[in-house]
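This report refers to the structure that appears directly beneath it.
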There are 2 protein chains.
Amino acid sequence: MQLQAKYVALALLSKRPMTGYEIKKEFEGAISFFFDGSYGSVYPTLKNLEKEGCIEKRTIVQQDRPNKNEFSITDAGREVLAQYFEQPVDADSVRSDICMRLFFGDKAGDGELRNWMEQSIGQHEAKLAKLQNLHDAYRLQMPKHQLLSLTVGLQYHKGQRDAMLECIRMLDSFERGEQ
Amino acid sequence: MQLQAKYVALALLSKRPMTGYEIKKEFEGAISFFFDGSYGSVYPTLKNLEKEGCIEKRTIVQQDRPNKNEFSITDAGREVLAQYFEQPVDADSVRSDICMRLFFGDKAGDGELRNWMEQSIGQHEAKLAKLQNLHDAYRLQMPKHQLLSLTVGLQYHKGQRDAMLECIRMLDSFERGEQ
DNA sequence: GGCTACATGTAATGCGTTACATGATTTC
DNA sequence: GAAATCATGTAACGCATTACATGTAGCC
């Protein structure tokens, strides 16, 4: 059983009822470290979950804004979520373009390799800043397990940024002929 | 342009001609850190690449073994690969079941959380051992950029393992009431 | 006047997974 | 005798992505 939008949505709805729009917002916060999904995955996922009886829709009419569809989890949904948590932990899956480029970058010059690594460093630092903000802003109200998850995310981006910096140093030393 | 089986296969074939079976083997080695794919993705991918003129098939008849289909990259394929490398670096994508469980694990007991983290530690250590073996065995023959990629992979698994250990310590201190 | 936030969805397409299907040879 | 390695593929299905499509309200 792998991590998919379905379970993340269900887990969010187990805290409180939400709209698709709000779920997507959550995907962009602390969750963005371990999962990401677009509207194109959120709405179809909700539709399926509703069809399966895992969630229920309630339409909230608004005059000044577009109407909302608010979903709440059902007992069946809670059961599906519980079954997910009973499964063995699935290994993390990583897809890394930068590593692909490092691995196969024999035809790229050192300048290009360096440029790629700097792009990657920028990406990790942006995410780091985001997670750090969340951490600083909500540390005190956040349930302890959420803090644990954030810790892992912070570690990941720090570790990858540092690994890139280390690689740049390695490149430098290669250039100086210290093979 | 995201990292997909297509580009990994093309990059492997840019080094030397290979069969689908060999490509799958490569997926299980150092590449496994940044990409993974099953036979069900390898063979259809090769078929598509051939249809697009990016690779060429040569059947090698063997008497004692099943026949092989060996693929080599064409100029068109080299061009497609070069275009891939010209794109901006795509951010790494991570999907982490363990972080999902930490984030939403409010209903799980501390024992369960700990058990999950230990599973995760085991997974990272297994990968670590594999990459470390590759590193030790081929460090001297390996091109420098492949070494860089391995460095990043090692860092990742070490970092995640250590983050899990840190989380276990945090759990302990929560338990002792040091909120 | 333009951008952002709010709010929902569909259609086409692509990519990948799992399971199925086969079968010889070599090694323990 | 059993298991692993070599070797190739298909079919069904599921999940996700991208782009499209629409429209208001409030802020700068």
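In this text the structure is predicted, and so the values were computed from the model without any measurement. In the text below, chain A, chain B and the rest are named by the order of the sequence lines, each starting its count at 1.
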Problem set entry | Nearest-nucleotide 5' precedence on DNA chain C, B/Pro66 against A/Thr19 | A/Thr19
Problem set entry | Euclidean distance, A/Met117 CE relative to A/Leu102 CG, rounded to 0.5 Å |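 That separation rounds to 5.5 Å.
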Seminar exercise, completed: Rounded to the nearest 0.5 angstrom, the OG-CZ distance for A/Ser38 and A/Phe27 is 9.0 Å
For this session: Just say parallel, tilted or perpendicular for the rings of B/Tyr156 and A/Tyr156, cut-offs at 30° and 60°.
Result: perpendicular
Mind calculating the distance between [atom1] ([X]) and [atom2] ([N]) to the nearest angstrom?
| X | N | atom1 | atom2 | answer |
| --- | --- | --- | --- | --- |
| A/Lys6 | D/dA16 | NZ | P | 10 Å |
| B/Asp90 | D/dA16 | CG | P | 17 Å |
| B/Leu3 | D/dA16 | CG | P | 18 Å |
| B/Met1 | D/dT17 | CE | P | 18 Å |

Exercise. Looking across every strand, which nucleic acid part, if any, lies under 4.0 Å from B/Asn48 by heavy atom: base, sugar-phosphate, or nothing?
Worked result: nothing
Exercise. What is the nucleic acid contact for B/Lys24, judged by heavy atoms within less than 4.0 Å: base, sugar-phosphate only, or nothing?
Worked result: nothing
Exercise. How would you list all residue pairs meeting salt bridge (charged side-chain N to carboxylate O under 4.0 Å, His left out) that involve residues 111-132 of chain A, not counting sequence neighbours?
Worked result: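 Pairs touching residues 111-132 of chain A that pass the test: A/Arg114-A/Asp172, A/Arg114-A/Glu175, A/Glu125-A/Arg161.
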Exercise. Which residues, ordered by chain and number, are linked to A/Ile60 in its hydrophobic cluster, where ILVMFWY side chains connect at heavy-atom gaps below 4.5 Å, directly or through other members?
Worked result: none
Problem set entry | Under the ring-ring contact (aromatic ring centres under 6.0 Å, His included) test, residues paired with A/Phe71 that sit two or more places apart |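 With sequence neighbours excluded, A/Phe71 shows a ring-ring contact (aromatic ring centres under 6.0 Å, His included) to no residue whatsoever.
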Do any N or O atoms of the protein come closer than 3.5 Å to N or O atoms of nucleotides 10-14 of chain D, and which pairs are they?
unit_1, atom_1, unit_2, atom_2, d
D/dT10, OP1, B/Lys47, NZ, 2.5
D/dT10, OP2, B/Lys47, NZ, 3.3

Exercise. Do you know the tightest heavy-atom contact between A/Gln123 and B/Ala91?
Worked result: OE1-CA, 3.4 Å
Problem set entry | Heavy-atom pair with the smallest gap, counting every atom of B/Val89 and A/Gln119 | N-OE1, 2.9 Å
Tell me whether the OP1 or OP2 atom of [N] has a side-chain N or O from [X] closer than 4.0 Å.
| X | N | value |
| --- | --- | --- |
| A/Ser38 | D/dT17 | yes |
| B/Gln2 | D/dT17 | no |
| A/Arg95 | D/dA16 | no |

Exercise. Between which nucleotides of DNA chain C, 5' to 3', does chain A make heavy-atom contacts below 4.0 Å?
Worked result: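 Nucleotide range in contact with chain A: C/dA5 to C/dG16.
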Exercise. Taking the side chain from B/Arg95 and the backbone from A/Asp92, do they hold a donor-acceptor pair closer than 3.5 Å?
Worked result: no
For this session: Report the C-alpha distance between B/Gln83 and B/Gln87 in whole Å, list the side-chain angles of each, state the deciding distance to 0.1 Å, and finish with yes or no for side chain to side chain donor-acceptor pair (under 3.5 Å).
Result: CA-CA 7 Å; B/Gln83 274 165 27; B/Gln87 298 301 121; over 6 Å; no
Problem set entry | salt bridge (Lys or Arg N to Asp or Glu O under 4.0 Å), paired with A/Glu22, selected from A/Lys15, A/Lys68, A/Arg16 |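 Single salt bridge (Lys or Arg N to Asp or Glu O under 4.0 Å) partner of A/Glu22 among A/Lys15, A/Lys68, A/Arg16: A/Arg16.
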Problem set entry | Rounded (10°) bend between the five-pair end axes of the helix from C/dG1-D/dC28 to C/dC28-D/dG1 |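 End-to-end axis angle for the helix from C/dG1-D/dC28 to C/dC28-D/dG1: 50°, rounded to 10°.
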